[in-house]
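Notes follow once the structure below has been shown.
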Protein chains: 2
Amino acid sequence: MKPKKRTTIYDIAEKLNITASSVSRALNNSNHVNEETKKLILKTAAELNYKRNVLASNLRKGQTKTIGVVVPRINQNFFSNVIAGIEETTYSKNFNLIICQSNESHEKEIKCINALINQHVDCIVISVAIEGTDYSHLQNVIDHGIQLIQFDRVADEIETLKVINDNEQATFEAITHLIDQGYKRIALLEGPQTLNIFRQRKEGYLKALNKHKIPVIDELIIENAWTKELGAEATRKLLSLPEPPDAIFASTSDFSALGVLEVATSMGFKVPTELGILGYANEPFTELTSPSITTIDQFSQYMGKTIANLYFQESENKDTTVVPRTISVKPKLIVRASTSRK
Amino acid sequence: MKPKKRTTIYDIAEKLNITASSVSRALNNSNHVNEETKKLILKTAAELNYKRNVLASNLRKGQTKTIGVVVPRINQNFFSNVIAGIEETTYSKNFNLIICQSNESHEKEIKCINALINQHVDCIVISVAIEGTDYSHLQNVIDHGIQLIQFDRVADEIETLKVINDNEQATFEAITHLIDQGYKRIALLEGPQTLNIFRQRKEGYLKALNKHKIPVIDELIIENAWTKELGAEATRKLLSLPEPPDAIFASTSDFSALGVLEVATSMGFKVPTELGILGYANEPFTELTSPSITTIDQFSQYMGKTIANLYFQESENKDTTVVPRTISVKPKLIVRASTSRK
DNA sequence: ATAATTTAAGCAATCGATTGCAGGTTTGAA
DNA sequence: TTCAAACCTGCAATCGATTGCTTAAATTAT
């Protein structure tokens, strides 16, 4: 690579026989520069193909106009939609986004966070990995004076702005729907209980059963079934029980629900008549399976926009300190064929 | 937000009564520092929760260890997989990724590129938007001495490193497969011919027909059918013809093929017996539709890794200038139910 | 015509880390 | 014992943009 020398404000200054200060002021549209010279500077800058060195600028200003986002997986529909939502707002505010994925690894999550702190981003938005129970790296973000916003999967004990789904309520409604459809033995595939979202979903499940006086059967609750493969495995076990369930709620994801559907089909269970299936997240594919899968939409893009707006609101009133608070978005049950037997 | 003062090397230096130079050297593990002091410095740095200011460091070094990626859409399977592939390599090399999406808008693509130039990224990886025919913004990247790597959708006239699919060959094989299955009137949904990939796919289509002496019928070639909606619309038109096609190749994407499938099904055409459907990109959902959709896999993650490796190879031999060249990855036909009628 | 004010532009320090050069000390070889 | 090599460490400049302060010039008010 040719080490092409880039144009700096000094080059422009030299060419016009003025100082870099004036060039800088002109480029920042300060009104402490003569209109004529300003025009001349702008014109020369364009001619020389000048591009501001943001490194220098940011170093001086102590602000990078950059938001870092850490998600478990970029290519999971929910997360990519949240990112799209964030981007919509940040783009209009001329902010940059640095996107990192933790791949569900705690160790990598920490590395990402540290990289973002090093980068002096103005804000970090995170949904934590499945792994890990220690969140001192998040505290560290705060200690460095960086605004932290958690979403979806949040560490309760770290007090920050949080944007979450009302998982419990959504699950409650979903299970109620299953009961309405006449399902009586409803199994739950649960995610790691270290994560708030999975605890809340379980809670919604239990409350719905309780309300309808349906007994909670331990063998119908399967831990850690949060991938397609684990969902499939769990289903194989469940459907081989002497008294198998007549519905399975894959509380962790639609991927898990997909695993359920495939195993159920291959084992000859008719969906939805003999087995109801309910997923979570409204991945696009849930519409395409046969039968299509009932699921819960999280308004992911809207969540992203909410997150970004929250940041800009807060950063505007610098004087007052940030009050940790939680914004809860109510998800929506999307009823499809896999649970419609009436 | 509290404007917490961050620890700098000067703070460490002051505390230990040495100079910042030594601290810097110790932190960079230079061997020009006494082992004992080095240890002491590292210990103190950890105690003070020191985080290197990459802005300052990069400014000084003129290198950011950051690669910028510009894609039309982050949440399209092909692109998110390429990104995942890139990330795998860059992560291991301790490089950062800044990901931008153009949303298929030329104007936004230019803004992204300029933002990345401002950020002084070391390399820009891009797959261009559907919109646009002027690629001076890419030339501009090169003029700023930034390594540019194009992939998939490339601007032929800009000489850079390129990583592409052999679209023509892949299409040729796909169409040959259709012919083998006995399809005779094969329609083509083509993408904007401004993009190389769509031109190549059309070329493969034409060559395959020619080779088998099948006449090319103009009314079976539909321009600009590159979204699900446009694919659906095109299909409605095609299947209403006096002599409708018996197969449709959605050369633009699986989304388009999905539109074809939905319309065909709703119009009562049996797939694959009465109508064969072929997509492009091997989106995960193609496996889930009924019938499942035959498509072409592009080894997207592998492409991503190839791109990143290419960059690191090139950056290692700084002395020699980069020779523009093209690496072609051969995609693979995935035969599924939607074209299997034998 | 002179003082007061406004406007324009320069000077120089600053952000934090890096690094070539130089000075000083220690070690080892002759 | 003397000199060279090896090893540490400090000094000061540098990366490029920004900005408070100052000075000079131009404009307005008195």
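Here is how names work: the chains are called A, B, and so on, in the same order as the sequence lines, proteins then strands, and each is numbered from 1. Model, not experiment: these values are computed from the prediction. The analysis underlying the following values was restricted to heavy atoms, covering all of them including side chains, and did not include hydrogens, waters or symmetry mates.
At a threshold of 4.0 Å, the pair B:K108-A:E87 counts as salt-bridged, since one of the basic side-chain nitrogens sits closer than that to a carboxylate oxygen.
When the C1' atom of D:dG16 is taken as reference, atom NE2 of B:H144 falls 14 Å away, rounded to whole Å. Here C:dC11 presents its P atom at 18 Å from NE2 of A:H32, a figure rounded to the nearest Å. For the pair A:L59 CG and C:dA17 P, the computed distance is 9 Å after rounding to whole Å. Following rounding to the nearest Å, B:L48 (CG) and C:dG16 (P) show an atom-to-atom distance of 15 Å. Rounding to whole angstrom units, CG of residue B:D11 and P of C:dC15 are separated by 11 Å. Whole-Å rounding puts the B:Q63 CD to C:dA17 C1' distance at 14 Å. Whole-Å rounding puts the B:N58 CG to D:dA17 C1' distance at 16 Å. Atom P of nucleotide D:dC7 and atom CG of B:N31 are separated by 8 Å, given to the nearest angstrom.
Residue A:T8 has its side chain nearest to D:dG16 when only D:dT9, C:dA17, D:dG16 are considered.
For A:R153, the salt bridge (charged side-chain N to carboxylate O under 4.0 Å, His left out) partners at least two apart in sequence or on another chain are A:E104. Every residue two or more places apart in sequence or in another chain that forms a side-chain hydrogen bond (donor to acceptor under 3.5 Å, both in side chains) with B:T160 is listed here: B:Q150. B:E47 pairs by the salt bridge (charged side-chain N to carboxylate O under 4.0 Å, His left out) definition with B:K43, not counting sequence neighbours.
Near DNA chain D, meaning a heavy atom under 4.0 Å away, there are no residues from residues 35-47 of chain A.
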Inset, instruction - Just do the side chain to side chain contact (heavy atoms under 4.5 Å, CB included) check on A:V128 and A:V154 with the steps written out, would you? - result: CA-CA 6 Å; A:V128 300; A:V154 304; over 6 Å; no
Inset, instruction - Before giving the answer on side chain to side chain donor-acceptor pair (under 3.5 Å), spell out for A:D143 and B:N49 the whole-Å C-alpha distance, their side-chain angles and the decisive distance to 0.1 Å. - result: CA-CA 9 Å; A:D143 293 345; B:N49 198 8; 5.1 Å; no
Inset, instruction - Apply salt bridge (Lys or Arg N to Asp or Glu O under 4.0 Å) to A:R325 and A:E314, showing your working. - result: CA-CA 12 Å; A:R325 61 180 185 280; A:E314 288 299 330; 2.9 Å; yes
Inset, instruction - Decide salt bridge (Lys or Arg N to Asp or Glu O under 4.0 Å) for A:E36 and A:K39; before the verdict, give the C-alpha distance in whole Å, the side-chain angles of both, and the deciding distance to 0.1 Å. - result: CA-CA 5 Å; A:E36 298 248 324; A:K39 267 184 206 150; 5.9 Å; no
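Proximity of the aromatic rings of A:H144 and A:H120 is defined here by a centroid distance below 6.0 angstrom, and this criterion is not met.
Between A:N34 and the phosphate of C:dA8, there is a side-chain N or O to OP1/OP2 separation shorter than 4.0 Å.
Across all strands, B:I18 comes closer than 4.0 Å only to sugar-phosphate atoms, never to a base (heavy-atom distances).
Below 30°, between 30° and 60°, or above 60°: for A:F78 and A:F151 the angle between ring planes is between 30° and 60°, a tilted geometry.
Secondary structure note: stems in DNA chain D built from 3 or more consecutive Watson-Crick or G-U wobble pairs under 3.5 Å occupy C:1-30 with D:1-30.
If you take CD1 on A:I99 and CG on A:N96, they are separated by 10.5 Å, rounding to the nearest 0.5 Å.
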Inset, instruction - Starting at the 5' end of nucleotides 18-27 of chain D, put B wherever the base has a protein heavy atom under 4.0 Å, S where only the sugar-phosphate does, and a dash everywhere else. - result: BBB-------
